[in-house]
Structure formats: structure tokens, C-alpha cells
Amino acid sequence: DVKVTQSSRYLVKRTGEKVFLECVQDMDHENMFWYRQDPGLGLRLIYFSYDVKMKEKGDIPEGYSVSREKKERFSLILESASTNQTSMYLCASSLEGPAETQYFGPGTRLLVL
Amino acid sequence: AQSVTQLGSHVSVSEGALVLLRCNYSSSVPPYLFWYVQYPNQGLQLLLKYTSAATLVKGINGFEAEFKKSETSFHLTKPSAHMSDAAEYFCAVRTGANSKLTFGKGITLSVRP
């Protein structure tokens with residue numbers, strides 16, 4: 001079974017803090033993704049990576065950065081957290097190809113105070 | 001550009017009743033279509049996907065969906081709802097190797113005893 005794990009289920013941070021969200025997959029997938037999920041808005045893509053050290057902006061990259069130093073690990077960084085970044089963050093991974101399934105982690109619910 | 005429309009935000013059915021969750025897509029090229037389910041406090045998991053083979057796709061937990069090009073639809077059905085089907089359901093579309101997966105806003109299914 002594919003397993004995607006995220007470092008925290010719940011996080012509470014203060015405005016202005018630097019926040020790291022970690023994601024690890026164990027199936028040697030080329031592609032990894034970070035989404036945020038907000039009620040009534042569905043999932044929106046923040047960043048994705050199709051290879052180590054490669055990254056591409058998604059629909060809402062502002063205020064975020066990412067890092068992929070190893071194939072299995074994809075980190076999302078909030079350089080200076082703001083209250084409008086309070087959300088559920090979902091990581092996913094997949095093999096290469098448009099028909100490939102994306103496998104999701106359990107999510108990190110982030111509250112920025 | 002590709003997009004997905006899921007009308008309404010909430011559907012309520014009685015246990016044993018038919019489940020019908022609607023999804024319409026917009027795409028200028030043949031799409032790949034997905035239905036994902038999210039149970040409370042979990043990540044998303046794939047229910048089924050259409051990849052240009054059979055137009056009637058069977059998925060897990062008794063769900064199926066039919067691709068209708070003339071109607072640009074990919075509605076999800078299950079003949080008999082079970083209490084365990086209560087969850088949020090997302091339709092998603094992708095149109096090629098270089099395109100991202102675009103999600104609908106999601107629809108919450110409630111099942112009444």
C-alpha cells in the first residue's frame with residue numbers, strides 16, 4: 001500500500017512565525033503535491049514537484065515556498081505565517097502520467113493566531 | 001482551460017436509497033476524470049477514475065460513474081446508501097501530462113438512518 005505521511009495532524013502557530021510542513025511518501029513516486037483545503041473552495045494546488053530539486057507553482061503559491069531535497073520528502077514552508085493561512089494542508093504523491101492516481105496524506109490542520 | 005462543477009454543497013439521503021452526486025466538466029480535449037472521497041479527519045482516497053477505456057467505471061464500495069461526453073458529465077452513483085458512505089466527495093479533471101488535477105468544490109453526503 002502507498003503511504004503518504006505528514007509530520008503533524010494539528011499545528012498552532014503565531015502570526016509571523018516560520019512554519020514547516022513535512023510530507024514523506026514510501027512508493028518512489030516522481031510527483032509530489034501540496035494543496036490547501038478550505039470549506040466551499042475545494043482543494044487548491046499550492047506547489048508541486050516532478051523531480052528532486054524541481055518545483056512548479058500551482059494556483060496559489062503566494063506566501064509559500066517548497067523544498068524537495070530527496071525524492072521521498074516534500075516540504076511546504078510558510079516564511080511568515082499569517083491568519084489567512086489557517087487551513088487544512090494536504091500532501092499527495094503520484095507516479096508520472098496524467099491518468100495516475102494521486103495518493104493523499106491525512107492532512108495537517110494549521111491554525112495561525 | 002479545464003474545470004469541474006459540482007452543484008450544491010450537501011446531499012442527504014436515507015439509508016438504502018440511491019446516491020447520485022453530479023459532476024460536470026469543461027475541457028477542450030479528452031479528459032481524465034476522477035472521484036475522490038474524504039472521510040472525516042482523513043485525507044482523500046480514490047473511488048474511481050475514467051481514463052478513456054470503458055465509459056462506465058466501477059469503483060470501490062459499490063460506487064460507479066458513467067462518462068457522458070455529450071453531456072460533459074461524470075456523475076457518481078450507488079444503488080443503496082450505507083451509513084458508512086457519509087463523507088465529502090470530490091470530482092476532479094485532468095487533461096494531459098502537463099496539466100494539473102483540478103478539483104471541484106466538493107459535496108457532503110449525509111445518510112439518514
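Residue numbers begin at 1 in each chain, while the letters A, B, ... track the order of the sequences.
A salt bridge does not link B:Glu15 with B:Arg112: none of the charged nitrogens is closer than 4.0 Å to a carboxylate oxygen.
With a threshold of 4.5 angstrom between heavy atoms, B:Gln42 approaches chain A through N, CA, C or O but not through any side-chain atom. Interface remark: A:Arg44 contributes no atoms to any contact with chain B (heavy atom separation under 4.5 Å). Heavy atoms of A:Asp38 lying under 4.5 Å from chain B are absent altogether. A:Tyr50 does not touch chain B: none of its heavy atoms, backbone or side chain, sits under 4.5 Å away. Contact of B:Tyr36 with chain A is made through the side chain alone, with heavy-atom distances under 4.5 Å. In this structure, chain B has a heavy atom under 4.5 Å from the side chain of A:Leu45, while its backbone stays farther away. Contact annotation for B:Gln6: neither backbone nor side-chain heavy atoms come within less than 4.5 Å of a heavy atom of chain A.
The backbone N or O of A:His29 sits nowhere less than 3.5 Å from a side-chain atom of A:Glu72 that would complete a donor-acceptor pair. The main-chain N or O of A:Ser8 is never found under 3.5 Å from a side-chain atom of A:Gln6 such that the two would form a donor-acceptor pair.
Between B:Tyr50 and B:Phe67, the ring planes are parallel. Angles under 30° get that label, and only those over 60° would be called perpendicular.
To the nearest 0.5 angstrom, B:Tyr25 atom OH is 14.0 Å from B:Thr102 atom OG1.
Of the listed residues (B:Leu101, B:Thr51, B:Thr108), the one with the most heavy-atom contacts under 4.5 Å to chain A is B:Leu101. Per-residue counts of heavy-atom pairs under 4.5 Å with chain B were compared for A:Leu90, A:Asn31, A:Thr101; the largest is that of A:Thr101. The candidate from A:Ala92, A:Gly40, A:Ala99 with the greatest count of non-hydrogen atom pairs under 4.5 Å with chain B is A:Ala99.
In the hydrophobic clustering, A:Val112 connects to A:Leu11, A:Val19, A:Leu21, A:Met32, A:Trp34, A:Ile46, A:Tyr47, A:Ile60, A:Tyr64, A:Val66, A:Phe74, A:Leu76, A:Leu78, A:Tyr89, A:Leu110, either directly or through intervening members, whenever side-chain heavy atoms lie under 4.5 Å apart.
Within the 4.5 Å cutoff, side-chain heavy atoms of A:Arg9 are placed close to those of A:Pro106.
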